[in-house]
There are 2 protein chains.
Amino acid sequence: MAAEKKTRANGRASRRAILAAALDVFAERGYRGTSLSEIASRVGMTQPGLLHHFSTKEDLLLGVVREHEERTTPDVNSHLDPTHLELREAMEAWASLNEREPVQQLLLTTLSAEAVPDEHPLHEYFVEHYRDYRRRFAATLRRAQKAGVIRADVDVASVAREIIATIDGLRLQWLLDPKKVNLKSALSEYASRVEAELTDPQRELSTR
Amino acid sequence: MAAEKKTRANGRASRRAILAAALDVFAERGYRGTSLSEIASRVGMTQPGLLHHFSTKEDLLLGVVREHEERTTPDVNSHLDPTHLELREAMEAWASLNEREPVQQLLLTTLSAEAVPDEHPLHEYFVEHYRDYRRRFAATLRRAQKAGVIRADVDVASVAREIIATIDGLRLQWLLDPKKVNLKSALSEYASRVEAELTDPQRELSTR
DNA sequence: GTCTATATAGGGATAGAC
DNA sequence: GTCTATCCCTATATAGAC
């Protein structure tokens, strides 16, 4: 353990530092707007030095996204228990986790919009991400429906899509203008309305 | 009218062509991802030739945004009549206008996300845009409330913020995956639920 | 009004020394 | 594992001819 000079397992540390810096820069400036030199200099390294750990820019981006998937705070759906479906509590808990560390949410906002064109390296990833998210959220709602927690006539696929959309849209308004839009209370108020709508036995969905 | 060789009012035509091409490219690749040469070549011109009409890249971006504001299809709020508040019809009409020409919506999605950091040339613009949009939408709802079209206990500011967010979020899902997400029907189903919620006299908003 | 030429800066990636 | 040097490409912007 005392034989090596400088090589060895501080390469691990460098890799971690690079991923952390890259997260910040990709979140702020997107994939196209980011330069490897910027990330490298943030970790006290040169740009070719960085490329020793991630051989291309795209490789680094994928590393950041993979890291995000493993380490990030789970999404709103994962906070839900179908047998109770306390949407408001789940959203508030999730918002609290993100309000202090907005960088993960900024990353998603920035990259998902940038990834709309087919040629973007993350295009397929986000298409699948949203398909999966909608599927999982709808499944949660369906289970809640079978448990009798929400009304039987609710179109769970449509509501799942809507809730995901609203979370994303409120996230954008919050990131742009955090002084005017409070993520936690905005989500909380929204969730209260949705809960009331999904559970109220009086309500009839008019298709007109 | 026959005295001039090549100068004169075909500069107007060039300007218009440049703005049209710039709209497409900025929408697809954002401000940072766009190159002036790409736009110039699309209108059969060189990059310095383009800079004769717009002296900087930022100047061109502002030109595109200004053009968008003047010529674009109005937002959902402008489709609403507070004395009836037919949200579903308004959203369907608006969606129809945009489904055939998604570029304007792509522009908003791309640039609003890119403009989250303060240094972005459109940061202030989008902050103000959303403040104003929320204000106007809330005012419409308030008028509907006074006209007795929607319940008196509705928090119009919160609902306005939510509807705008949902439109944006559904727009992203639609742009990413138009085969799986139909903008018009997604908005229509959402609007039906909101309408029912806002008008149903039975419902009580539980704050728990 | 549009071109060519050019200045100047920055990008990603490779070669090879230490 | 990280550096310097370098290649090659692309970017915005300016100068000046036509």
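Below, chains carry the letters A, B, ... as their sequence lines are ordered, and counting in each starts from 1. Only a predicted model underlies this, so the values are computations on that prediction, with no experimental measurement involved. Every heavy atom of this structure was used, including side-chain atoms; hydrogens, water molecules and symmetry mates were not.
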Which pairs, protein N/O on one side and nucleotides 15-17 of chain C N/O on the other, fall under 3.5 Å?
none

Return the polar atom pairs (N/O with N/O) between nucleotides 7-12 of chain D and the protein under 3.5 Å, or none.
from: D:dA11; atom 1: OP1; to: B:S35; atom 2: OG; distance (Å): 3.0
from: D:dT12; atom 1: OP1; to: B:T34; atom 2: O; distance (Å): 3.3
from: D:dT12; atom 1: OP1; to: B:L36; atom 2: N; distance (Å): 3.2
from: D:dT12; atom 1: OP2; to: B:L36; atom 2: N; distance (Å): 3.0

Atom pair distance, as rounded to whole Å: [atom1] in [X] and [atom2] in [N]:
X     : N      : atom1 : atom2 : value
B:L50 : C:dT2  : CG    : C1'   : 11 Å
A:M45 : D:dT2  : CE    : C1'   : 7 Å
A:Y31 : C:dG11 : OH    : C1'   : 12 Å
A:F54 : C:dT14 : CZ    : P     : 16 Å

So, A:E195 side chain and A:R88 main chain: donor-acceptor pair closer than 3.5 Å or not?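 Side chain of A:E195 to backbone of A:R88, a donor-acceptor pair under 3.5 Å: yes, one is there.
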Check whether B:Q47 reaches the backbone of B:A40 with its side chain - one donor and one acceptor, N or O, closer than 3.5 Å.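 No; judged by distance alone, with no hydrogens or angles, the pair does not exist.
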Any [X] side-chain N or O less than 4.0 Å from OP1/OP2 of [N]:
X     : N     : answer
A:S14 : D:dT2 : yes
A:T46 : D:dC3 : yes
A:H53 : D:dT2 : yes
A:H52 : D:dT2 : no

With B:Y130 via ring pair (Phe, Tyr, Trp, His ring centres under 6.0 Å) - residues at least two apart: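 Residues passing ring pair (Phe, Tyr, Trp, His ring centres under 6.0 Å) with B:Y130: none at all.
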Report the C-alpha distance between A:Y125 and A:E69 in whole Å, list the side-chain angles of each, state the deciding distance to 0.1 Å, and finish with yes or no for side chain to side chain donor-acceptor pair (under 3.5 Å). CA-CA 12 Å; A:Y125 170 80; A:E69 276 186 315; 3.2 Å; yes
Audit row: B:R193, A:S158, side chain to side chain donor-acceptor pair (under 3.5 Å) steps and yes/no: CA-CA 10 Å; B:R193 282 194 295 274; A:S158 180; 3.0 Å; yes
Does B:D24 have any salt bridge (charged side-chain N to carboxylate O under 4.0 Å, His left out) partners at least two apart in sequence or in another chain, and if so, which?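 With sequence neighbours excluded, B:D24 shows a salt bridge (charged side-chain N to carboxylate O under 4.0 Å, His left out) to no residue whatsoever.
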Quick one: side chains of residues 13-22 of chain A, donor-acceptor pairs under 3.5 Å with protein atoms, not counting sequence neighbours, listed by atom name and distance.
from: A:S14; atom 1: OG; to: A:N10; atom 2: O; distance (Å): 3.3

With a 3.5 Å cut-off and sequence neighbours excluded, list the donor-acceptor pairs that the side chains of residues 99-106 of chain A form with protein atoms.
from: A:E99; atom 1: OE2; to: A:K184; atom 2: N; distance (Å): 3.3
from: A:Q104; atom 1: OE1; to: A:H68; atom 2: ND1; distance (Å): 2.4
from: A:Q105; atom 1: OE1; to: A:R171; atom 2: NH1; distance (Å): 2.9

Checking all strands, does A:G33 fall into the base, sugar-phosphate, or nothing category for heavy-atom contacts under 4.0 angstrom?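 The answer is nothing, as A:G33 stays clear of every strand by at least 4.0 Å.
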Charged N-O contact under 4.0 Å between A:R134 and B:D177: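 The answer is yes: the pair qualifies as a salt bridge.
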